[in-house]
Amino acid sequence: GTNGKTTTTNILRDLLTRTGHKVGLIGTINIMIGDRKEVSHNTTPDVVDLQKTLYRMVEAHCDTCVMEVSSHALALDRVAGIEYDTAALTNITEDHLDFHKTMENYREAKALLFTRLHEGIKPNKMAVFNSDDPSSAIIMPRVKTKIMTYGKGKDNDVYPLTFHVAASHMELNLQTPVGEMDLKLHITGEFNVYNVMGSICAAIAEGLTREDIIRGLDDFAGVPGRFQLIHAGQPFTVVVDYAHTPDGLENVLKTARQITKGKLWVVFGAGGDRDRKKRPIMGKIALDLADIAVVTSDNPRTEDPEAIIRDIEEGLKDNPEGKEIHKITDRREAIEYVMAHAKPDDVVMIAGKGHENYQILKDRTIHFDDGEVVRDFFQKGKTNA
């Protein structure tokens with residue numbers, strides 16, 4: 001899917017590891033062979049590196065691999081020759097149109113994972129779909145394996161009976177094919193309700209019991225840079241998130257709004273050399289959902305950071321009274337400005353980079369970590385203005 005792959009695969013890795021499996025993980029943040037971590041350069045490696053990685057997993061006696069499969073990987077045949085047991089779709093929203101050109105092409109690339117799932121010799125394959133995403137209805141009729149669905153409606157295999165979202169946790173009661181699940185989770189946000197439901201479908205497809213799934217989810221601590229609360233002794237809430245698409249930004253800001261008593265701030269930019277169409281859309285979402293928007297650099301790459309910000313500003317033109325917009329091109333200065341001006345009860349969402357500890361500029365890549373910048377600001381003894 002567009003969003004949710006990293007959280008979903010990490011939940012699954014956790015659940016499978018806790019039930020005695022030795023698991024390999026391939027994804028955006030890292031590659032894991034059992035407990036050994038390696039740096040990840042792409043969400044899905046190229047075909048040769050991917051096969052080498054799977055070989056090393058087999059050599060290390062891994063019996064299961066959980067992996068994120070990107071649309072680029074499917075379109076460019078990076079996953080050619082891999083036979084999956086279970087495939088899950090989180091959602092398909094605007095992203096990567098610099099590569100795919102149209103949403104239809106993007107959807108068709110994602111669809112390949114499911115329309116080819118039946119090929120090969122493995123028995124009992126399962127395709128898992130988020131029925132609340134419009135693309136699911138388009139792809140599902142073409143799937144030749146068993147299907148399991150999740151979503152808000154009671155006609156799904158997995159759906160919520162009740163859920164309550166708080167600042168640092170959520171309570172979730174789910175109906176599933178293996179019985180009701182009463183969960184108290186250390187992750188939060190309505191978007192994570194979907195990630196949890198998708199993970200449960202895949203876990204059931206892999207034969208995990210209700211008790212194993214409940215126990216594993218209760219202990220799941222979350223993923224770095226995914227709605228991650230930063231604690232630096234500050235009198236307001238700071239959240240770092242990887243949200244870098246319109247849908248991702250909308251999801252995290254809606255969740256942040258639910259926990260905001262004061263003002264909601266958002267610090268964000270957009271990546272250079274990537275889909276330009278999403279920039280004004282993200283600007284409009286920030287304007288609609290936050291009280292104070294601070295537009296800054298993300299990974300500008302070969303583009304002029306000022307030009308990227310101008311694209312975002314197209315969506316910030318109809319500024320209603322009472323909302324503030326600031327343009328601070330230097331990302332460190334932007335974060336420090338907000339740290340100096342946010343008040344108790346405010347919530348600050350720093351979006352776009354999440355787990356990344358670097359920033360890609362035109363001529364070099366520098367060390368940069370959003371959470372570290374927040375902690376450094378308060379460790380230097382600067383006082384809140």
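Excluded from the calculations below are hydrogen atoms, water molecules and symmetry mates; all remaining heavy atoms, backbone and side chain alike, are included. Counting begins at 1 with the first residue of the sequence.
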Exercise. Let me know which of Arg279, Lys362, Arg310 forms a salt bridge (Lys or Arg N to Asp or Glu O under 4.0 Å) with Glu303.
Key: Arg279

Quiz item: Can you find a heavy atom in the side chain of Leu16 that is under 4.5 Å from one in the side chain of Val66?
Solution: yes

Quiz item: What heavy-atom pair brings Ser71 and Ala109 nearest, and what distance separates the two atoms?
Solution: O-CB, 3.9 Å

Practice problem: May I ask you to check whether Tyr242 and His355 place their ring centers less than 6.0 Å from one another? | Solution: yes

Quiz item: Counting heavy atoms not belonging to His61, are there more than 12 under 6.0 Å from its NE2?
Solution: no

Quiz item: Looking just at side-chain N and O atoms, do Glu190 and Thr255 make a donor-acceptor pair shorter than 3.5 Å?
Solution: no

Quiz item: Is there a donor-acceptor pair under 3.5 Å between the side chain of Glu83 and the backbone N or O of Lys122?
Solution: yes

Quiz item: Is Glu119 salt-bridged to Lys125, going by a charged N under 4.0 Å from an acidic O?
Solution: no

Quiz item: Would Asn30 and Ser40 count as having a side-chain donor-acceptor pair, cut-off 3.5 Å?
Solution: no

Practice problem: Determine, for Arg332 against Glu372, whether the closest basic-nitrogen to carboxylate-oxygen distance falls under 4.0 angstrom. | Solution: no

Exercise. Give a yes or no on this: more than 12 heavy atoms of other residues, nucleotides or ligands lie within 6.0 Å of atom NZ of Lys146.
Key: no

Practice problem: Assign the ring pair Tyr337 / His326 to parallel, tilted or perpendicular, where the plane angle (0 to 90°) is split at 30° and 60°. | Solution: tilted

Quiz item: Could you go step by step and tell me if Tyr194 and Asn130 meet the side chain to side chain contact (heavy atoms under 4.5 Å, CB included) rule?
Solution: CA-CA 8 Å; Tyr194 282 91; Asn130 170 6; 3.5 Å; yes

Quiz item: Thr6 and Arg226: side-chain donor and acceptor closer than 3.5 Å?
Solution: yes

Exercise. Applying side chain to side chain contact (heavy atoms under 4.5 Å, CB included), run through Phe191 and Asn3 and close with a yes or a no.
Key: CA-CA 9 Å; Phe191 59 95; Asn3 299 308; over 6 Å; no

Quiz prompt | Verdict with supporting geometry, Asn10 and Phe220, side chain to side chain contact (heavy atoms under 4.5 Å, CB included) | solution = CA-CA 9 Å; Asn10 275 270; Phe220 182 70; 4.1 Å; yes

Quiz item: Does the distance from a Lys or Arg side-chain N to an Asp or Glu carboxylate O, for Lys353 and Asp241, drop under 4.0 Å?
Solution: no

Practice problem: State whether the number of non-hydrogen atoms from other residues, nucleotides or ligands found under 6.0 Å of Lys284 atom NZ is greater than 12. | Solution: no

Exercise. Tell me yes or no: between the side chains of Asn299 and Glu356, is some donor less than 3.5 Å from an acceptor?
Key: yes

